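So the structure is just underneath, and the comments pick up after that.
None of the values given here were measured: they were computed from a predicted structure. Order of appearance sets the numbers: ligands from 1, and atoms from 1 within every ligand. Side chains are part of it too, since the values below use all heavy atoms of this structure and drop only hydrogens, waters and symmetry mates.
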Amino acid sequence: MKMTFRWYGDEDPVPLDYIRQIPGMHGVVSAVYDVPVGEAWPLANIQALKATVEAHGLALEVIESVPVHEDIKLGKPTRDRLIDNYCTSIRHLAQCGIKVICYNFMPVFDWTRTTLEMRLSDGSTTLGFDTATIDKIDLSQGIALPGWDASYRADELKALLAEYEAVDESALWANLEYFLKRIIPVAVEVGIRMAIHPDDPPRPIFGLPRIVKDRADLVRLLGIVDHPANGLTLCSGSLGASCKNDIPAMVREFAGRKRIHFAHLRNVKINEAGDFYETAHRSADGSLDMAEIVKAYHEAGFEGYARPDHGRMIWGETGKPGYGLYDRALGAVYLNGLWEGIAKAEGRH
Ligand code: DNO
Ligand code: MN
């Protein structure tokens, strides 16, 4: 397991020098942020990012994410040109030594929360999701959702949602299949492993379909192109927000099949209604048994990349919610500690 940390480029308030000081840190996962979604990432931009990261003693082998243009998810005629661009990005990334590309296929919204600063009893703040609040939101008034309110103008959002009226789950599957059948052969050719991130949270939202939310979806997805290049980012906190998902079992199955290339490790406190909030990484702090999850990776001989996914805001830190330095650093060290303990215990038997 190679431990990594998400870094948002030069704008990130967490400097690479600090990330390097986290014990056991192999590298960062990042992206080219100044190219509009849908355009190919120029080689020079990727090379510059890689040089910056490596100059700080860290590796850049995972990209999170190369975003998928909405027209591809909608299956519009423009998708062929956009998929060509996506393939060019894959080729350029491979030329720069990238091994894994994380992406997702969620319509319109990436991860969605109803609060970015829920206060916990220890005074820290965290991200939370409340189903009753979500179900009350009227998107025709624009997005009044934390983290999203500035992303689309009200009229743009309305037009985009109208286009999705024709896209149900089966149409979205067909569009994902079309995309995978075009990009995976390119990934195979250049030695890149694609790793889809599951839907977060794992449920339909605002009437938009979501198709990467449970074991059956993952099995179906991997079957579309049955090759290791068509793989997963297994996000414990995203899938684990549904009490129907058994994360250690999913890890055993899919890491056992060598189809997990990137492990997102975080804990969540959940209830039956689907409400949840993100906790510190320890098993005792949330609903997921993190030790069991890490053990499942260890038993599967996992050699891929992992990262502490999100963290709480602690010790007075401000910045991008979920992506502060301190709690994610504690998470990385805890996860590496679990790994070492499990490795030693198994070595004795
Ligand atoms: C949530 C996060 C996401 C993720 C993207 C990947 O769990 O990991 O922001 O990075 O959805 O495309
Ligand atoms: Mn994740």
Provide the number and element of each atom of ligand 1 under 4.0 Å from a heavy atom of [X].
X: Cys235; answer: 7 (O)
X: His310; answer: 1 (C), 2 (C), 7 (O)
X: Cys102; answer: 6 (C)
X: Asn104; answer: 5 (C), 6 (C), 11 (O), 12 (O)
X: Arg6; answer: 9 (O), 10 (O)
X: Asp200; answer: 1 (C), 7 (O)
X: His264; answer: 8 (O)
X: Arg307; answer: 8 (O), 10 (O)

Quick test of your reading of the model: are [X] and [Y] salt-bridged, counting only N-O distances below 4.0 Å?
X: Asp309; Y: Arg266; value: yes
X: Lys73; Y: Asp71; value: no
X: Glu61; Y: Lys2; value: no

- Query: So is Gly237 close enough to ligand 1, meaning a heavy atom under 4.0 angstrom away?
  - Reply: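 For ligand 1, residue contact (heavy atoms, under 4.0 Å) with Gly237 is absent.
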- Should Arg113 be listed as contacting ligand 1, given a heavy-atom distance under 4.0 Å as the test? no
- For ligand 1, indicate whether the residue Glu278 contacts it via side chain, backbone, both or neither (heavy-atom separation under 4.0 Å).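 Neither part.
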- Task: Mark yes or no: Lys320 above the aromatic ring of Tyr8, with NZ or CZ under 6.0 Å from the six-membered ring centre and no more than 45 degrees from the axis.
- Result: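 Flagged: Lys320 positioned over aromatic ring of Tyr8.
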- Should the pair Arg328 and Phe5 be classed as cation-pi, given the thresholds of under 6.0 Å to the six-membered ring centre and 45° from the axis?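 Positive - Arg328 is close enough to the ring of Phe5 and near enough to its axis.
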- Message: Just checking: Asp309, one of its N/O/S atoms, less than 2.8 Å away from the Mn ion (ligand 2), yes or no?
- Response: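 Within the cut-off used here (under 2.8 Å), Asp309 does place an N, O or S atom near the Mn ion (ligand 2).
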- Message: Within 2.8 Å of the Mn ion (ligand 2), is there any N, O or S atom belonging to His310?
- Response: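 Within the cut-off used here (under 2.8 Å), His310 places no N, O or S atom near the Mn ion (ligand 2).
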Pairing donors with acceptors under 3.5 angstrom, does anything connect the side chains of [X] and [Y]?
X: Tyr164; Y: Glu70; value: yes
X: Glu64; Y: His197; value: no
X: Asp80; Y: Tyr178; value: yes

- Task: Kindly say whether the aromatic ring centers of His310 and Tyr323 come within a distance under 6.0 Å.
- Result: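 Ring centres of Tyr323 and His310 closer than 6.0 Å.
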- Task: Determine, using ring centers only, whether Tyr305 and Phe262 are less than 6.0 Å apart.
- Result: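 When the ring centroids of Phe262 and Tyr305 are compared, they turn out to be at least 6.0 Å apart.
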If you have a sec, work out which protein heavy atom is nearest [atom] and how many Å separate them, to one decimal?
atom: atom 8 (O) of ligand 1; result: Asp309 OD1, 3.0 Å
atom: atom 12 (O) of ligand 1; result: Ser65 OG, 2.6 Å
atom: atom 11 (O) of ligand 1; result: Asp110 OD1, 2.7 Å
atom: atom 10 (O) of ligand 1; result: Glu64 OE2, 2.2 Å
atom: atom 3 (C) of ligand 1; result: Trp111 CD1, 3.3 Å

- Message: Looking only at N, O or S atoms, which one in His264 sits nearest to the Mn ion (ligand 2)?
- Response: ND1
- Just do the salt bridge (charged side-chain N to carboxylate O under 4.0 Å, His left out) check on Arg312 and Asp285 with the steps written out, would you? CA-CA 12 Å; Arg312 301 161 302 145; Asp285 294 319; over 6 Å; no
